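Nothing here was measured: the structure is a model prediction, and the numbers come from that model.
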Amino acid sequence: MRWSKALIPTHKEDPSDAETTSHKLMLRSGYIRKLTSGVYNYLPLGRRALLKVEAIVREEMDAVGCQEILMPVLSPSELWKETGRWDVYGKELWRVRDRNSREFALGPTHEEVVTDIVRNEVRSYRELPFTLYQIQTKFRDELRPRFGIVRSREFLMKDAYSFHRDEESLDETYKSICDAYTRIFERCSLTFRPVEAATGAIGGSHSHEFMVLSDTGESEIIVCECGYAATDERAEGAVDPHPCDEAPGEMERVDTPGMKTIEQVSEFLGIEPHKLVKTIIYEADGRTVAALVRGDREINEAKLSMALKADLVVPAPPDVIEKLTGAPVGFAGPVGLDGIDVIADHTVEPLVNVVVGGNAQDVHLKNVKPGRDFKVTAFHDIVLVRKGDRCARCGAELNSFRGIEVSQAFKLGTKYSSGMNATFLDEDGVAKPFIMGCYGLGVSRTVAAIIEQHNDKDGIVWPLSVAPFAVEILVVSMKSEECTTLADTLYTDLKTAGVEVLYDDRDDSAGVKFKDADLVGMPLRVTIGARGLKSGVVEARVRKTGEVSEIPVDDAVQGILHILETLR
RNA sequence: CGGGGCGUGGCGCAGCCCGGUUAGCGCGCCUGCUUUGGGAGCAGGAAGUCGGAGGUUCGAAUCCUCUCGCCCCGACCA
């Protein structure tokens, strides 16, 4: 591609509305442009990077025997109502109507659609197992799109769905696809880590996420030196108890005007946060419950929903809280909270003389003792594990990292097949629901993750495997006919040799071109200038290392191919 | 949805508080000449309904009301 004819609008300055490195760089280097919040145009370089990642994903999926299909973006609401997700998925599901007011969803994921295909077409266990996948634009009306294409409302995703006769078969495919994911991310030169994950809204029994390690990641992962790694939602760990051997005192009412948060109450009363108990009111599948955790800790809603055996657990809206506690949000407590279940974390059990909300405005209670002053329906592990807690497996201290979630795999079991009456006839003549797995991989997000990990102060530093072009030819001055003739020839010869080349043939000053070359980040830059030609060489510079080699003009193609080989 | 911030040529910003002629600056863009090894120089030039609507005023980018859009924090979330 000749730069002079290409749409590669680079900018000298950072855009004002970008925060993260990858977002800034993709905008500055002319890879993407925002159309509206969370919706992006991919310009030529961005499109090429996306296609590179897509090709790797396709190769590895095909290599483990998956079959590519293409399902529609548009799917009728009836299908979503069959599984209940029309209601459960919430506002994130992008809904549209046709001219007859019939409702549709813009697909955020395709369990329903693929299950519909399979229930219509597959009858016998003899046809199992198999995996279908697609690479397609997905829509999610995110509450808060951010970080450019890391979290956008329209994005490119590879989603795969496997169908099985039994769990063993699912386990096998699950593993082979996780292995394929490992190869995909290795080929993208990413530093990543598969971690155990909570199952969330998609459902199912077992899940892993692949996390690209990055400080700008939105996810927190908990890791242990023993090899254990999980998302913070999923992580199990032992929280160090704060021993409490004081003699229990009399429960006492204290005024705490305007003190709503743990920090405020703690500071106001001069009592450490771990001697407070936090009471959060939730709605679990419509049922109101109170969840209790030690004041210095957070509640893990995923664990809470498992403890409650509920599908959907959300913090109760303020009006529900006010009606229940008789106080504004911030003063809820378990004492006298009759009629609803009170679930407490194990860390609450041994405490004495704690402070809790008083269920009245500007009132807390102190010297409260669980079990004596209020009843706990059940103790569960509902605390959010964090750095410094003890590994549940080996007891070592846990560490934490930030990560960008680039893929997630689920063992769905029969959640969708039973809900949609998708069955096959097994060997014993009995109709059974398909056992399913699903495997998502964010293609556009992966592109952003690669840039997040591969950049320097001058711009993007593409790994060769996903670079839009392998080589950029840079002609120092377009006024020198000797240089442009050589560059034209080299451009043609490299293309003939199968090398993807970006040829900066713009009549701009050398400085501009060097800066732009660094910014757009192709792995190898070949500079053609009068200086080198004097001694009959062109200069090849590796973007990543800055390493420069002089290649004789006569041997340029071979020399470049050789260097590219070392970059593989 | 709650909190905060921002909308002024293509990009980045100033001006607004304290209303007053032709709305500035840097970059970019166009023309010409000179340049070309790390964001060139000189000369000339084009380009802005100051996000939109309404209001106050002799007069609004500036003050008021409403509205739309964008960003950040939170809540929420494959």
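Checking G12(B) for Watson-Crick or G-U wobble geometry (two distances, each under 3.5 Å) identifies C25(B) as its partner. Look at G69(B): its Watson-Crick or wobble partner, with both distances under 3.5 angstrom, is C6(B). A 3.5 Å limit on both hydrogen-bonding distances identifies U34(B) as the Watson-Crick or G-U partner of A40(B). Of all nucleotides present, only C1(B) satisfies the Watson-Crick or G-U wobble test against G74(B), with each distance under 3.5 Å. Judged by Watson-Crick or G-U wobble contacts below 3.5 Å, the nucleotide A47(B) has no partner. The partner of C63(B) is G55(B), judged by Watson-Crick or G-U wobble contacts that both fall below 3.5 Å.
Looking at Asp516(A), its side chain comes within 3.5 Å of the base of G39(B) through a donor and an acceptor atom.
In Glu298(A), the CD atom is not crowded: 12 or fewer heavy atoms of neighbouring residues, nucleotides or ligands sit closer than 6.0 Å. Taking a 6.0 Å sphere around CD of Glu550(A), one finds it holds 12 or fewer heavy atoms contributed by other residues, nucleotides or ligands.
A distance of 10.0 Å separates CZ in Phe147(A) from NE2 in His23(A), rounded to the nearest 0.5 Å. Taking CD1 from Ile117(A) and OH from Tyr161(A), the interatomic distance works out to 10.0 Å, rounded to the nearest 0.5 Å.
Picking from A78(B), C76(B), U36(B) the nucleotide with the shortest atom distance to the side chain of Asp507(A) gives U36(B). In the set A78(B), G39(B), G38(B), A78(B) carries the atom at the smallest distance from any side-chain atom of Glu405(A). For Glu13(A), taking side-chain heavy atoms from C-beta onward, the closest of the listed nucleotides G12(B), U36(B), G39(B) is G12(B). When each of G37(B), A78(B), G28(B) is scored by its nearest atom to the side-chain atoms of Phe514(A), the top-ranked nucleotide is G37(B). Of the listed nucleotides (A78(B), G39(B), G38(B)), G38(B) has the atom at the smallest distance from the side chain of Asp518(A). Minimum atom distance to the side chain of Val476(A) is reached by G37(B), of the listed C77(B), G37(B), A40(B). Here the nucleotide nearest the side chain of Lys479(A), chosen from U35(B), G12(B), C77(B), is U35(B).
The CG-P distance, from Leu143(A) to G2(B), rounds to 12 Å in whole Å. Rounded to an integer number of Å, the gap from CG of Leu441(A) to C1' of A78(B) is 12 Å. The CD-P distance, from Glu92(A) to A75(B), rounds to 16 Å in whole Å. Straight-line distance from the NZ atom of Lys415(A) to the C1' atom of A78(B): 13 Å, rounded to whole Å. Per the geometry, CG belonging to Leu412(A) stands 13 Å off P belonging to A78(B), to the nearest Å. For Asp504(A) and G38(B), the CG to C1' distance is 13 Å, given to the nearest whole Å. Distance CD (Glu233(A)) to P (A75(B)): 13 Å, rounded to an integer number of Å. Residue Lys24(A) contributes atom NZ, which lies 18 Å from atom P of C11(B) at whole-angstrom precision.
Residue-to-nucleotide proximity on RNA chain B shows that, of Ala530(A) and Ser407(A), the 5′-proximal contact is made by Ala530(A). Taking the nucleotide of RNA chain B with the nearest heavy atom to each of Pro315(A) and Lys515(A), the more 5' of the two is matched to Lys515(A).
In this structure, Phe410(A) has its ring center at least 6.0 angstrom away from the ring center of His208(A). You'll find the ring centres of Tyr31(A) and Tyr42(A) outside the 6.0 Å limit.
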Give each protein N/O atom lying under 3.5 Å from an N/O atom of nucleotides 68-71 of chain B, with the pair distance.
unit_1	atom_1	unit_2	atom_2	d
C70(B)	OP1	Thr36(A)	OG1	2.5
C70(B)	OP1	Ser37(A)	N	2.9
C70(B)	O3'	Lys34(A)	NZ	2.9
C71(B)	OP2	Ser37(A)	OG	3.0

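Applying a 4.0 Å cut-off to non-hydrogen atoms, the residues of residues 520-528 of chain A that approach RNA chain B are Arg525(A), Thr527(A), listed by residue number.
Sequence neighbours left out, the pairs with a member in residues 472-486 of chain A that pass salt bridge (charged side-chain N to carboxylate O under 4.0 Å, His left out) are Lys479(A)-Asp507(A).
Closest of all the heavy-atom pairs between Met211(A) and Gly403(A) is SD-C, 4.1 Å.
Taking 4.0 angstrom as the limit, Ser509(A) places a side-chain polar atom (N or O) nearer than this to OP1 or OP2 of A40(B).
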